[in-house]
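Before any comments, here is the structure.
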Amino acid sequence: MILEDQLRALAEAAAVEQRPVTAPEAMERADELDVVQFAAPHHRWLVAASIVLLAGGLVVLLAWDRAPDDPIPVVSLPETNPPTTIPTTTIPTTTIPTTALPATTVPTGDSSDASVPLASDGSEALVNEPTLDYRDGFDWWVPGDLPDGWRYGYAAHDGEVQTVRLLADDRTTIDIQSGADGATIDDLAADAVTEELGGVPWQVVQDDDGIGGAMRVIDGRLLAVLGPVEPARAVAAGLELVPERALVRPPFRADAEPGPVVLTIPAAESGGEEPFELRAHTDGLFTTVGGDIKRVSAEDPLAFGDYAYARTGEADSYRVVVTGVALDGVGPISFGLQAGDTAEVTPSDSARFAEDFYAFVIDVPASVLDEYERGGLQRLTRWTFTFVDGEQRVYDEPGSQNCVNCGARPVGPSEPGSTTPDDGYLEPIGTADPPPLEFEPTNVYGDDMWWVPSVVPDGYEFAYALLDPADEGDGHHLVYLPADGPGSRRGMLEVAHHPGTGHVDPPPDAPAPSDEVVGGVAWMWTGDASYGSFSRRTNGGTLTVSGERDVALVVARDLDRVPEAQLERPPFRSDSSKSLLVTELSGVATSADIARELRVSTDGVAVQVDGRVPQQVRLDDWVTFDRATSPSSEPGADTGVIIVSGMTRPGVATLEFEQLDGQVITVVPEDRSGRFGIGFFLAAIDTPLDGLGNDGTYASLVPSVTARAADGEILAVISEPF
Amino acid sequence: MRNVRPSRAPVGEPLEHGFTTFVERHERPLREALTAAFGVDVGRDATADALAHAWERWDRVADMENPIGYLYVVGRNRGRRALQQRRGSPVRYPLPVAGATPEFEPALAGALAQLSERERSVVLLVHGFQWTMSEVAETLDVSKSTVQSYAERAIAKLRHEMRVER
């Protein structure tokens, strides 16, 4: 019985056994989940809070009703949205306890006794109550009309400069700045062109990419519209001056009362003399974290805030505090240092805003940080954020928002494939031109005679030949693969000859074989109408042609018997004298019987590792995994070790294997034989033994593997390769 | 989790009708993908959880270009958690019907359970449910060459485990 047919039959049996999930069932299940959620004590106060808001919060409800991406008119709702001021003394803070905490772990604070309601507005973003206030005596320049594709963002008053930020869907921004340094216009004057916009002369500058702006001086203050020049011209032409209370939301301002504390790290934990307090405030859509204005959206559910560090008492390391804001429901988030230290943090409920906030502390050796600050290191850290829905994002530096893998990998919490690379200046992973492969055949031709197709069927190409040791002599395998690549729906074609008669008998429960005359010779067909194998006896054994029936039929009809030297490339053979030692395992102290060296051979195209099925190192993969062994362990041990082996393309300097315990094992691929243009690796991965077995408790023994170039650049991140 | 109800629906189309149409179209491939990964019991439960998740966030899911990819990740996480809670209980696949001529060997279910989650997902989707490599790659968010690699590896392991030649 052909295995593929059995799989199809099993799948059909599964479909018969299962009842489809209907829409009413899904909706009912959603209701059940809600009941479960609200039954939890943590959420009971939320229900009460919602009732209070329904009774009295007309203004807030109006804000909830607004979809997060709807334009927010800056000037059209004067006096209808008075600011909501909540004394900060009533706002509970979230304190992170210090007890039993390693330096890299910050647990979620418990805010279930919060007395201030947390709104549930149903929108992706974000915040429900402005905490800043309007001030009299300030006027703001705002657009009369917005260019197509633009919407209002936020207003900010930073010292002397007032900014109204406009946003476009592609993350481009236009800033309308009033009070900017007058020297700016002088610096740019040489390149500026005077244009009349809206009946007023402006100085317009732009670079080769069309970025620049329009500027003019009014009453000694510089008014500038900065961004893409074309829409900036349109904005400049229609600017209007309005009082601050005409803004729909109050501006962020640098001299405002600090926002409420949303998270606290005690001094002993943060490494400072005073507790580290994270404060935040909001204008209703945007939040400031550590002084930076952030907006968290469905497409970007995580935003770094600020980070700071302080030298610890021993002065040999720095304790870094990284803060950020996350969309409600994001997390837990795991992170790791370049050196491999990892920890996990869950964004904590601030009890005030719809967003969650997080902070973690981690120790960085002073020597590493000093080197980084001197410019000797391109990257200090690697922060890998794994979201609850499985998305994994890698940042090379906190605060940079430089997600190095977002451009290449679909992301989880939002729609796969929908995320725009943050800054776009890093190449997406895996898109660099792969270097050439340089294989050198290590096998030699022997004296065997081989059955080969007289003509290779259309659409197929030779893959490899293999000598398979059997009880009665070597079996011969010639493997041909579809020429249209790995995604082909056609199966492989194999011509095999085995000594003896053991391979002519089909399994007892297989479909009855049929005798057919092909090319004047009697063959036996085993399989279905489309896939199977032709077999017949020969003088020395059994000849089999397996594959798509129409292809196998053509091949079986016209086979030749030729000397091995006429094969396109030498066969792989199970003979250690024909393979080369390429790498050895080191640093593993165990008496368990594990593979400690790796031997490979090649026919010039495919590579065979330790006698197993040959593989081609494909052009689109930086790493080709060969196998992971079953765990081996000392008697009575709780943990074991698996051995992972494989190949890397030229250019891969290190491989970082993430273990289930969070530790990272770094392996340097090598080729001790000096014969191949690729690297080989043999890695020992620690793994717990409890929960192993057939129950799938651990979906993967290796959560991720990161391939890096010599300069630290990430070439590929492979999730769950085993 | 917020008690959120969908706020948007296609113009002229009731919310429930839109969701029902969505389920009719996408439930089967989602269930097949999760069944391949987690077996018939957990796979179906994970499918129901993922679709419930879709209903809770219908305003987002309705507009997605690849909702199955998104919901597969949701369901996969639910499936993994379910398996973690059932320590010692293997991933269950169907056995041949007793008394009837078996179309697959009884050992196949156990051999599948020996594979890694991704191996059994790929091999069952490709060879069992007859998905194309491209469909599997898109749903599992891997390259087609990776799918091919996993399929080949899984077939080799199954053959070894079941002691069949092909």
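All chains are named by letter (A, B, ...) in the order of the sequence lines, taking the proteins before the strands, and each is independently numbered beginning at 1.
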Heavy-atom closest pair, residues B:Val91 and B:Gly39: CG1-N, 3.5 Å

Residue among B:Glu24, B:Arg44, B:Glu138 with most heavy-atom pairs under 4.5 Å to chain A: B:Arg44

Greatest number of heavy atom pairs closer than 4.5 Å to chain A - which of B:Thr47, B:Leu124, B:Thr35: B:Thr35

B:Phe19 and B:Trp55 aromatic ring geometry - parallel, tilted or perpendicular at 30°/60° bounds: tilted

Distance (rounded to the nearest 0.5 Å) between B:Phe129 CZ and A:Leu7 CG: 10.0 Å

Contacting moiety of B:Tyr93, where chain A heavy atoms sit under 4.5 Å: side chain

Part of B:Leu115 lying under 4.5 Å from any heavy atom of chain A: neither

Most contacts with chain B, counted as non-hydrogen pairs under 4.5 angstrom, among A:Glu17, A:Glu12, A:Arg19: A:Arg19

Distance, nearest 0.5 Å, that separates NZ of B:Lys157 from CD1 of B:Ile155: 12.5 Å

Separation between OG1 of A:Thr22 and CD of A:Glu25, rounded to the nearest 0.5 Å: 5.0 Å

B:Val136 portion near chain A, given a 4.5 angstrom heavy-atom threshold: neither

